Amino acid sequence: MSAPLFGPPSEQPAVFVPLGERSYTIEIGTGNLNRTARFLLERRRARHAVIFTDEHVEEPHAAEVVASLVEQKFDVDLVVIESGELSKSVETAQELWQKLLDLGADRRTVVIAVGGGVIGDLAGFVAASYARGIPFLQIPTTLLAQVDSSVGGKVGVNLPGAKNMVGAFWQPLGVLIDTDVLGTLPDREYRSGLAEVVKYGVILDAEFFEFLESHLGELNRRDAATLRRVVARSCQLKAWVVSQDEREETGLRAVLNYGHTFAHALEALGGYSGLLHGEAVAIGMLCASRLAEGLGRIDAALTLRQRQLLTALRLPVAVPPEFDAGALVRAMSHDKKAEQGRLRFVLPTRLGHVELVGNVPEAEVFAALEAGDEQATA
Ligand code: NAD
Ligand code: GLY
């Protein structure tokens with residue numbers, strides 16, 4: 001099995017996610033939020049839309065989505081949720097179920113998530129569970145959501161101390177991506193999304209990794225044509241993985257978690273308020289790469305190349321000194337990707353290829369973390 005080829009640039013790329021009757025299209029454009037109503041009508045004869053968004057996205061992006069729907073005579077309700085990870089909770093989900101009931105929502109209603117991964121995961125979960133499931137559309141507004149969370153149907157909320165613990169696989173009707181919305185995204189959030197983009201190159205596509213290395217200027221200034229290409233390729237790679245292992249049963253979908261075992265531990269120990277997810281993933285990818293080096297699976301040049309690209313994209317690459325290696329290893333054993341407490345990692349074998357490796361000796365994990373600390377203070 002090999003990933004689809006990295007094709008020539010296309011002005012308005014679209015990516016198909018082939019999942020039988022749950023198949024859908026990801027449309028990627030610039031300035032295309034005004035197509036929301038048409039995009040929806042092409043997929044569903046709906047007249048009632050409930051938009052879930054957050055306070056940072058309401059103006060101007062959700063407002064543009066509302067305008068497009070109102071123009072096409074939709075009955076539209078807009079629900080604005082407090083921004084941040086704390087909203088991805090059972091309590092907020094309950095409020096939103098009640099809201100849908102109060103608004104007279106039924107299976108002919110379409111929920112539209114306009115926001116980052118928090119809104120997408122939360123709105124998707126509410127749509128998956130209300131009235132045993134109503135349709136929803138993803139309109140992702142962070143780079144992370146455009147290249148990762150809006151694609152593949154994982155939706156859910158957190159329990160206190162257990163991230164993404166309650167959820168479902170619920171595929172959207174479609175994903176509408178407008179790279180223009182990234183213009184208002186804070187710098188750290190934008191760069192956090194770039195870490196997931198780099199991840200796709202490392203795990204599946206050496207040519208894409210080289211493309212990123214040679215388009216640093218365009219990426220750093222958020223050039224629209226480059227972003228369309230980067231978002232499209234990331235979505236294409238994720239769609240390919242999801243289409244082969246929708247429910248993470250064969251181990252293929254797990255390759256998307258490269259760097260994430262370390263990252264989840266860094267996020268959990270930081271109380272989810274220090275590093276952003278993509279920042280933790282950037283550090284985690286380098287830990288995983290050093291681990292692969294320690295296990296003799298790759299040489300140091302591959303770790304260095306990832307480090308150089310991530311640094312050029314102004315992402316952190318070293319474990320911050322305040323983190324204790326022992327506490328990180330303990331947190332990793334509790335990660336839901338660990339198998340009965342035994343440590344499993346997605347590790348590179350060469351650029352563009354990774355493997356799931358079980359039973360990794362703890363001493364090697366400590367070595368990978370501690371090497372990171374040395375580099376942090378170098
Ligand atoms: P987020 O949704 O919290 O958005 C980050 C911040 O950016 C928020 O303050 C938000 O209000 C703001 N924002 C969003 N779009 C904006 C815009 N265009 N302009 C200005 N501000 C904007 O965070 P995120 O990084 O998008 O997503 C993180 C969440 O995604 C986590 O909960 C994570 O678990 C989840 N996730 C899910 C999957 C999946 O497959 N479902 C994959 C990866 C991550
Ligand atoms: N973000 C990992 C996945 O969707 O499987």
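Just so you know, these numbers come straight off a predicted model, no measurement behind them.
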Exercise for review: Give the C-alpha distance, both sets of side-chain angles, the deciding distance and a yes or no for side-chain contact (heavy atoms from CB on, under 4.5 Å) between Leu343 and Val329.
Suggested key: CA-CA 9 Å; Leu343 292 169; Val329 172; 4.2 Å; yes
More than 12 heavy atoms of other residues, nucleotides or ligands under 6.0 Å from [atom1] of [X]: yes or no?
X	atom1	answer
Leu86	CG	no
Arg45	CZ	no
Gln94	CD	no

Decide whether [X] and [Y] meet the rule of one side-chain donor and one side-chain acceptor closer than 3.5 Å.
X	Y	value
His48	Asp106	no
Ser289	Gln306	yes
Ser68	Asn34	no
His61	Thr184	yes
Thr142	Glu189	no
Asn32	Arg38	no

First locate atom [atom1] of [X], then atom [atom2] of [Y], and finally report the distance between them rounded to the nearest 0.5 Å.
X	Y	atom1	atom2	value
Asp180	Thr30	CG	OG1	5.5 Å
Leu266	Ile283	CG	CD1	5.5 Å
Ile112	Gln138	CD1	CD	11.0 Å
Leu219	Glu213	CG	CD	11.5 Å
Glu11	Arg229	CD	CZ	11.5 Å
Phe74	Thr36	CZ	OG1	9.5 Å

With a 4.5 Å cut-off on side-chain heavy-atom distances among I, L, V, M, F, W and Y, is there a chain of contacts connecting [X] to [Y]?
X	Y	result
Val118	Leu144	no
Leu286	Leu304	no
Leu216	Val147	yes
Leu185	Leu276	no
Ile26	Phe16	no

Is any side-chain heavy atom of [X] closer than 4.5 Å to a side-chain heavy atom of [Y]?
X	Y	value
Phe262	Val319	no
Asp299	Glu293	no
Phe209	Tyr200	no
Val198	Leu310	yes
Leu122	Leu96	yes
Val231	Ile177	yes
Leu137	Val111	no
Val50	Leu100	yes

Mind listing the closest non-hydrogen atom pair of [X] and [Y] along with its distance?
X	Y	answer
Ser89	Thr92	OG-OG1, 2.9 Å
Leu78	Glu58	CD2-OE2, 4.0 Å
Ala254	Val346	O-CG2, 3.3 Å
Phe169	Glu246	CE2-O, 3.2 Å
His56	Ser83	CE1-OG, 3.1 Å
Tyr24	Val151	OH-C, 4.0 Å

Measure from the side-chain N and O atoms of [X] to the backbone N and O of [Y], and report whether any donor-acceptor pair falls under 3.5 Å.
X	Y	answer
Arg107	Ala131	yes
Arg43	Phe39	yes
Asp75	Arg47	no
Thr250	Leu252	yes
Ser23	Pro18	no
Ser234	Val230	yes
Thr311	Arg307	yes
Tyr258	Met285	yes
Ser243	Leu19	no
Arg253	Gly152	yes

Practice item. Scan for side chain to side chain donor-acceptor pair (under 3.5 Å) pairs involving residues 124-135, sequence neighbours excluded, and state none if there are none. Key: Trp97-Ser129
Check your understanding: Stepwise, does the side-chain contact (heavy atoms from CB on, under 4.5 Å) test hold for Trp170 with Phe125?
Key -> CA-CA 8 Å; Trp170 190 245; Phe125 176 64; over 6 Å; no
Exercise for review: Applying salt bridge (Lys or Arg N to Asp or Glu O under 4.0 Å) between Asp205 and each of Arg350, Arg233, Lys238, report the one that passes.
Suggested key: Arg233
Exercise for review: List the steps, then state whether side-chain contact (heavy atoms from CB on, under 4.5 Å) holds for Ile51 with Leu69.
Suggested key: CA-CA 10 Å; Ile51 299 170; Leu69 292 162; 3.8 Å; yes
Review point. Does Phe6 have its ring centroid less than 6.0 Å away from the ring centroid of Phe211?
Key: yes
Practice item. Would you confirm whether the ring centroid of His277 sits within less than 6.0 angstrom of the ring centroid of His260? Key: yes
Validation: residues 351-365 side-chain donor-acceptor distances under 3.5 Å, sequence neighbours left out:
residue, atom, partner, partner atom, Å
His353, ND1, Thr349, OG1, 2.7
Glu355, OE1, Arg297, NH2, 2.5
Asn359, OD1, Arg342, NE, 3.3

Is the shortest side-chain N to carboxylate O distance from [X] to [Y] below 4.0 Å?
X	Y	answer
Lys163	Glu267	no
Glu42	Arg35	yes
Asp121	Lys88	yes
Lys199	Glu196	yes

Review point. When you look at Phe52 and Phe136, which way does the ring-ring contact (aromatic ring centres under 6.0 Å, His included) test go after all the steps?
Key: CA-CA 10 Å; Phe52 291 142; Phe136 90 115; over 10 Å; no
